[in-house]
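Following: one structure in C-alpha cells, then a few remarks.
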Amino acid sequence: DVAGAASFITEVTHTAGDAFAVLTTDQALWTGGSGDIDQDTISAAATAIFNVDGVYLPGTPVVATLGAEPRILVTQGVENHQKLAVWFSGRVYTNNDATGALHLGDFTFADAGAGKTILSVEHTAGRPTETGTLSGDVVAGDIGGAMLSPVADSIYDILGTPMPATPLNDVLVTPALVPAITSVEGVEGSDTLKVTLQSQFYGNDDETGALGVGSLAYADNAAGGAASIAAVTHTAGSPVVLVTLDAVLAAGDIT
C-alpha cells in the first residue's frame with residue numbers, strides 16, 4: 001500500500017489451475033495522483049504459488065494498473081455452416097458482478113443481406129469465448145461483410161467494466177483458422193506437459209467430449225526419459241490440456 005485507500009487483501013477467489021485470481025481489498029481502490037492504481041503492488045508470498053510443474057512463483061512485486069475495457073477480438077465463420085466462433089479480450093459475463101452467461105440480448109448481428117439473425121448463444125459465465133448459431137448458413141458474402149456487435153452495457157469483464165458499443169467492437173466475420181497447437185511446456189524432472197491450443201477444442205465434431213490419450217501423439221525424438229503419453233486431463237471446450245507422460249522429462253527432451 002504505497003498510496004490511496006486500500007491497505008490489505010481481505011479475500012482471494014481462485015479456482016485451482018486458473019491463470020488468474022480475484023483479490024478483494026479492505027477498501028475501494030482510488031485512482032489519480034495519490035491513488036492506489038499505478039502505485040500499489042501485489043506480490044506472491046514466498047513458495048506459496050506453484051505452476052503445474054511444481055515451480056513456485058517468485059515474489060516480484062507487480063504494480064496494480066487500471067484494467068482495459070473488454071473487447072470482441074475475433075468473430076469467425078465457415079461457409080455452409082451456421083456457427084460463429086467469438087473470442088473476447090478476457091473473461092466475460094452478462095452481469096457486472098462477474099455472474100451470468102452471455103445470451104441473445106447481448107449482441108446484434110448484421111449479415112450480408114440475407115436477413116439472418118442469431119438464434120442462440122452458447123457461453124459459460126467467465127469463458128473468453130462463445131459460439132453463436134445463426135438462422136441460416138454463413139455464405140461467401142458474410143466473410144468480411146457480416147458484423148457482430150455488442151449491446152451497450154450488456155457484457156462485462158470480471159471487474160465489472162462494461163464493453164462499450166463502439167466501432168472498435170463492431171467485428172467483421174473472418175474465415176476460421178486451421179486448428180493448431182500454440183505451445184507445449186514442460187520442465188526437466190517433471191512428467192507433465194502443458195499443451196495450449198489455439199482455441200476451444202473438443203473430442204468430437206459436434207462440440208462435445210474431452211480430448212483423451214488417443215487425441216495426441218508424443219514423439220520421443222531425443223530418446224530421453226519420457227517415451228509416450230500415459231494420461232490426458234482436459235475439459236471439453238478448454239484450450240489447455242495437461243499431458244502426463246510415462247516417465248519424467250530428461251534434459252534432452254526439452255526443445
Side-chain angles (χ1 to χ4, degrees), residues 68-95 99-158 161-183 195-212 214-216 234-241:
E69 294 174 330
R71 288 185 52 200
I72 297 176
L73 296 180
V74 179
T75 301
Q76 294 180 346
V78 178
E79 287 185 49
N80 303 316
H81 289 76
Q82 290 180 252
K83 298 284 189 179
L84 291 178
V86 184
W87 280 263
F88 303 95
S89 57
R91 295 174 180 263
V92 289
Y93 308 82
T94 196
N95 302 315
T99 62
L102 304 185
H103 54 78
L104 278 175
D106 294 326
F107 300 95
T108 61
F109 179 74
D111 74 353
K116 290 188 292 292
T117 60
I118 303 176
L119 291 180
S120 64
V121 170
E122 300 165 33
H123 177 251
T124 300
R127 181 164 283 180
T129 60
E130 63 99 355
T131 301
T133 301
L134 301 176
S135 58
D137 287 347
V138 173
V139 298
D142 291 323
I143 306 299
M147 181 178 292
L148 183 76
S149 304
V151 173
D153 298 331
S154 292
I155 301 175
Y156 301 86
D157 67 10
I158 197 165
T161 306
M163 180 182 295
T166 63
L168 184 67
N169 285 311
D170 294 335
V171 180
L172 292 172
V173 176
T174 58
L177 299 176
V178 176
I181 295 174
T182 58
S183 67
V195 181
T196 303
L197 308 171
Q198 187 183 59
S199 60
Q200 292 175 284
F201 275 79
Y202 304 86
N204 305 313
D205 62 4
D206 60 353
E207 296 185 348
T208 64
L211 304 187
S215 303
L216 300 165
H234 177 249
T235 301
S238 172
V240 177
V241 185

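- Atom OG of Ser154 sits about 10.0 Å away from atom CG of Asn95, to the nearest 0.5 Å.
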Distance-only donor-acceptor pairs under 3.5 Å for side chains of residues 174-183, two or more places apart:
{"residue": "Thr174", "atom": "OG1", "partner": "Thr75", "partner atom": "O", "Å": "3.2"}
{"residue": "Thr182", "atom": "OG1", "partner": "Thr196", "partner atom": "O", "Å": "2.9"}
{"residue": "Ser183", "atom": "OG", "partner": "Thr196", "partner atom": "OG1", "Å": "3.4"}

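- The two atoms that bring Ala165 and Pro150 nearest to each other are CB-O, 3.6 Å, heavy atoms only.
- The shortest non-hydrogen separation linking Val240 to His234 is O-CD2, 3.3 Å.
- Contact of the Asp106 side chain with the His123 side chain is not registered, since no non-hydrogen atoms from C-beta on lie closer than 4.5 Å.
- A salt bridge links Glu122 and Lys83; the closest N-O separation between the charged side-chain nitrogens and carboxylate oxygens is under 4.0 Å.
- In plain terms, the two heavy atoms of Val92 and Pro70 that are nearest each other are CG1-CB, 4.5 Å.
- Rounding to the nearest 0.5 Å places CD of Glu130 at 10.5 Å from OG1 of Thr124.
- Atom OH of Tyr156 sits about 11.5 Å away from atom CG of Leu102, to the nearest 0.5 Å.
- Residues His103 and Thr94 approach most closely at NE2-OG1, 3.2 Å, considering heavy atoms.
- Aromatic ring orientation, Phe88 versus Phe107: tilted (interplanar angle from 30° to 60°).
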_For a side-chain contact (heavy atoms from CB on, under 4.5 Å) check, start with the C-alpha distance between Leu197 and Leu211, then their side-chain angles and the critical distance, and finish with the verdict._
CA-CA 12 Å; Leu197 308 171; Leu211 304 187; 4.0 Å; yes
*Show your reasoning for whether side-chain contact (heavy atoms from CB on, under 4.5 Å) applies to Val138 and Ile143.*
CA-CA 8 Å; Val138 173; Ile143 306 299; 3.9 Å; yes
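- With Met147 as the fixed residue, the side-chain contact (heavy atoms from CB on, under 4.5 Å) test singles out one of Val173, Asp142, Leu172, Asp111: Leu172.
- Here the OG1-CD1 distance, from Thr108 to Ile118, works out to 7.5 Å after rounding to the nearest 0.5 Å.
- For the pair Asp170 and Ser149, the tightest heavy-atom approach, listed with the atom from each and the gap, is OD1-OG, 2.6 Å.
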*From CA spacing to verdict: side-chain contact (heavy atoms from CB on, under 4.5 Å), Ile158, Tyr93*: CA-CA 7 Å; Ile158 197 165; Tyr93 308 82; 3.7 Å; yes
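- The nearest pair of heavy atoms linking Ala236 to Gly209 is CB-O, 3.3 Å.
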*Before giving the answer on side-chain contact (heavy atoms from CB on, under 4.5 Å), spell out for Phe201 and Val241 the whole-Å C-alpha distance, their side-chain angles and the decisive distance to 0.1 Å.*
CA-CA 10 Å; Phe201 275 79; Val241 185; over 6 Å; no
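- Distance check: Leu148 CG to Ile72 CD1 gives 4.5 Å after rounding to the nearest 0.5 Å.
- From Asp157, atom CG reaches atom CD of Glu69 across 9.5 Å, with rounding to the nearest 0.5 Å.
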